[in-house]
Amino acid sequence: MRKNLSLKLLSAFTLTLAGLALPLTSTALADDTYSMTDTPSDVSAVPENAERTDSGLASRVLEEGSGSDSPAAADTVTVHYSGWTTDGKMFDSSVKRGQPASFPLNRVIPGWTEGLQLMVVGETRRFWIPAELGYGENPGGGRPGGMLVFDVELLEIQKAPEPPKVPEDVAAIPDNAEVHESGLASRVITAGSGEANPKASDNVTVHYSGWTTDGQMFDSSVMRGQPATFPLNRVIPGWTEGVQLMVEGETRRFWIPAKLAYGEKPPAGAPAGMLVFDVELLKIGR
């Protein structure tokens, strides 16, 4: 919710890890010497024995898994992986680092979000991810471009909490909300036990969920199972103003007009128009 989007409330499809990859071999491994750090023999093009989805993602199973459930997009997964460009150059590998990677599945590139939902725990799968489901043809920041090939071993699935219920008054400001001169509206859902309000210069720790007025949730610390801490003067104006009305332990619903949020035509990945947030103020830090 920061002005610079650094709070990660609005992450678009960017890999927040150093990379994303893991190598596996097919259901019946023909080569007992297979290693996830070896360049795949079919790295340069999608082979005929790969399965394709409507999106253009291609994959084949290298080793069958022992699990029965597949992750959902909101779940957190733990994986080992290695990734190559189609010229056989490895650009990232958790195997080489000796440390598996864990991340919410809806916080990575689209090819990973889609592909890992095809897997079960214990499975190793090779993915051919087209540029439009990866980082594009000419990405910046040292990220690899074009089609990417990943070997991925799914080690663990951590199921996401049940999503908070969509507010019944998400579509418009209700009559029982308090409307401020700025256009910000709010109402207390649960009274707090604290006595002091945070100042704009304070750090606050909160749990929150956010929806657009059509009831679509675009971000939730509750779903991630991790509260957010940030300087109150480093987020969107509606948050800076609104959270200063609260005390510790309080939960409040905010209707934040576009001019106090990300605007009607926000940057890529940010929600547009009026936004509705449920915010629980856990702690004020000075």
Side-chain angles (χ1 to χ4, degrees), residues 1-16 55 69-77 102-110 112-114 116-117 133 157-174 176-177 183-190 204-230 232 235-243 246 250-282:
M1 295 196 295
R2 299 178 177 171
K3 297 171 185 175
N4 60 8
L5 306 187
S6 60
L7 234 196
K8 201 66 178 141
L9 299 181
L10 316 159
S11 86
F13 299 104
T14 57
L15 201 59
T16 56
S55 69
D69 296 328
S70 298
D75 294 341
T76 294
V77 296
S102 296
F103 48 86
L105 194 49
N106 57 8
R107 291 287 177 132
V108 292
I109 56 175
W112 272 68
T113 303
E114 177 184 352
L116 267 74
Q117 292 184 72
L133 300 181
I157 302 169
Q158 181 180 342
K159 302 301 289 184
E162 287 296 317
K165 185 179 178 181
V166 178
E168 70 283 354
D169 46 15
V170 73
I173 299 171
N176 62 346
L184 176 72
S186 70
R187 70 179 179 89
V188 175
I189 296 175
T190 304
V204 294
T205 299
V206 302
H207 259 313
Y208 68 89
S209 297
W211 297 267
T212 49
T213 53
D214 60 359
Q216 294 298 310
M217 178 183 290
F218 59 85
D219 191 30
S220 175
S221 67
V222 177
M223 293 293 291
R224 293 194 295 276
Q226 180 66 50
T229 300
F230 50 86
L232 194 48
V235 291
I236 56 175
W239 271 65
T240 303
E241 178 183 352
V243 178
M246 302 178 68
E250 179 181 321
T251 300
R252 188 180 285 245
R253 182 165 297 153
F254 294 99
W255 291 262
I256 301 179
K259 65 181 181 180
L260 299 181
Y262 301 104
E264 294 293 352
K265 296 180 179 180
M274 186 172 76
L275 305 178
V276 180
F277 287 96
D278 280 0
V279 182
E280 179 185 7
L281 179 55
L282 302 174

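Numbering starts at 1 and runs along the sequence shown. Just so you know, these numbers use all the heavy atoms, side chains as well, and skip hydrogens, waters and symmetry mates.
- Counting heavy atoms from C-beta on, the side chains of Thr251 and Val188 never come closer than 4.5 Å.
- Across Ile157 and Ser70, no two heavy atoms sit closer than the pair CD1-C, 4.0 Å.
- Residues Phe254 and Met246 meet the side-chain proximity criterion, which asks for heavy atoms closer than 4.5 Å.
- Residues Arg252 and Val243 are not in side-chain contact: their nearest non-hydrogen atoms beyond the backbone lie 4.5 Å or more apart.
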Start with the C-alpha gap between Arg253 and Asp169, add the side-chain angles, then the distance that decides, and say whether side chain to side chain contact (heavy atoms under 4.5 Å, CB included) holds. CA-CA 10 Å; Arg253 182 165 297 153; Asp169 46 15; 2.9 Å; yes

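- Residue Glu162 qualifies as open at atom CD: its count of foreign heavy atoms under 6.0 Å is 12 or below.
- Side-chain contact check for Ile173 versus Met274: some heavy-atom pair is nearer than 4.5 Å.
- Proximity of Pro164 to Met217: side-chain heavy atoms (C-beta onward) are separated by under 4.5 Å at one or more points.
- A ring-ring contact (aromatic ring centres under 6.0 Å, His included) with Phe218 is found for exactly one of Trp211, Tyr262, Phe277, namely Phe277.
- Contact between Pro271 and Thr212 at its shortest, heavy atoms only, is CB-CG2, 4.0 Å.
- Contact record, Gly225 with His207: C-CE1, 4.5 Å, taken as the closest heavy-atom pair.
- Glu280 has its side chain out of reach of Asp278: every pair of non-hydrogen atoms, C-beta onward, lies at least 4.5 Å apart.
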Taking it one step at a time, do Gln117 and Asp75 satisfy side chain to side chain contact (heavy atoms under 4.5 Å, CB included)? CA-CA 10 Å; Gln117 292 184 72; Asp75 294 341; over 6 Å; no

Residues Ile256, Leu184; criterion side chain to side chain contact (heavy atoms under 4.5 Å, CB included); working and verdict: CA-CA 5 Å; Ile256 301 179; Leu184 176 72; 3.7 Å; yes

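- The shortest non-hydrogen separation linking Ser55 to Glu114 is OG-OE1, 2.6 Å.
- A donor-acceptor pair under 3.5 Å is formed between the side chain of Thr240 and the backbone N or O of Leu232.
- Taking CD1 of Ile236 as the start and NZ of Lys259 as the end, the distance is 13.5 Å to the nearest 0.5 Å.
- Of all heavy-atom pairs spanning Ala172 and Trp255, the tightest one is O-NE1, 3.5 Å.
- Counting only distance, with no hydrogens or angles, the side chain of Thr113 and the backbone of Leu105 share a donor-acceptor pair below 3.5 Å.
- Contact check for Ser209 versus Met223: no side-chain heavy atoms found under the 4.5 Å cut-off.
- Nearest heavy-atom pair across Val206 and Leu281 is CG1-CD1, 4.0 Å.
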